[in-house]
Amino acid sequence: MGNDNQESETEAESAADETEREGERVMSRADGAEIIREVAAGVENGTIDIEGENGFAVAVPEHFELEVEYEVTDDEAEFEVELEWQMEDGEPVSADE
C-alpha cells in the first residue's frame, strides 16, 4: 500500500472570495479513527481545530446540514462526510431545523 508519511495539502482561493483547504495522506485505521474523533469533538464543542503547518480552525453552528456518501467503483471506494451551513458576514449561521 502507500507510505504512512505520504501527504498532500492544498489551499485554493477563487475570485468569489472562496477559500478551500484540503489535506490527504495514507494512514492506519487507528490514526484515521483518532482524527475523526477529534473532528467529532470539535463539532460537539463548536470549533473544529485542525493542527499542522497548514492548520485552521472552523466555527461550527448549532445546526447544520450533514451529508454522508458512499461510492464504489470497480477499483476504488470512497466514503465522505460533509457538513454544510450558511455564512453571514464571515460568521456561521445555524440551519433551520
Side-chain angles (χ1 to χ4, degrees):
M1 187 132 201
N3 179 342
D4 279 356
N5 295 325
Q6 182 181 18
E7 187 170 341
S8 170
E9 294 189 18
T10 62
E11 179 176 348
E13 292 190 38
S14 73
D17 220 14
E18 177 182 304
T19 299
E20 181 176 313
R21 295 184 181 174
E22 184 175 306
E24 184 176 303
R25 69 177 178 212
V26 175
M27 66 182 61
S28 69
R29 281 195 314 241
D31 289 344
E34 181 60 28
I35 290 171
I36 292 168
R37 279 192 286 277
E38 289 174 9
V39 169
V43 169
E44 190 170 39
N45 295 327
T47 303
I48 300 170
D49 192 11
I50 305 297
E51 296 181 3
E53 184 178 322
N54 295 318
F56 54 92
V58 178
V60 180
E62 188 67 31
H63 300 278
F64 53 86
E65 183 177 317
L66 176 71
E67 178 182 338
V68 178
E69 180 181 334
Y70 178 56
E71 182 178 335
V72 179
T73 63
D74 287 340
D75 60 349
E76 185 176 72
E78 184 174 325
F79 183 83
E80 292 183 22
V81 177
E82 182 175 303
L83 287 64
E84 187 174 327
W85 55 86
Q86 297 295 313
M87 298 289 285
E88 188 173 293
D89 296 326
E91 297 294 321
V93 176
S94 278
D96 294 334
E97 290 186 65

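Quick caveat, the model's predicted, so the values are computed rather than measured.
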Side chains of F79 and V68 in contact at under 4.5 Å (non-hydrogen atoms) | yes
By salt bridge (charged side-chain N to carboxylate O under 4.0 Å, His left out) - contacts of E34 (at least two apart) = R37
Any side-chain donor paired with an acceptor under 3.5 Å for T73 and D75?
-> yes
What is the distance from atom CD of E67 to atom CD of E82, rounded to the nearest 0.5 Å?
-> 5.0 Å
Might you confirm whether atom CD of E78 has over 12 heavy atoms from other residues, nucleotides or ligands at distances under 6.0 Å?
-> yes
Do the side chains of V93 and V43 join up, straight or via other hydrophobic residues, at under 4.5 Å, putting them in one cluster?
-> no
Give, for atom CD of E69 and atom CD of E80, the distance between the pair rounded to the nearest 0.5 Å.
-> 5.0 Å
Are any side-chain N or O atoms of T47 and backbone N or O atoms of A59, one a donor and one an acceptor, separated by less than 3.5 Å?
-> no
Listed partners of R29 passing salt bridge (charged side-chain N to carboxylate O under 4.0 Å, His left out), at least two apart = none
Pairwise side-chain contact, M27 with I35, heavy-atom cut-off 4.5 Å (strictly under) | yes
Show the numbers, then the answer: is there a side-chain contact (heavy atoms from CB on, under 4.5 Å) between V60 and W85?
-> CA-CA 8 Å; V60 180; W85 55 86; 4.1 Å; yes
Report, as yes or no, whether the 6.0 Å neighbourhood of atom CD on E62 holds more than 12 heavy atoms from other residues, nucleotides or ligands.
-> no
Would a hydrophobic clustering, with Ile, Leu, Val, Met, Phe, Trp and Tyr connected at side-chain separations under 4.5 Å, put Y70 with I36?
-> no
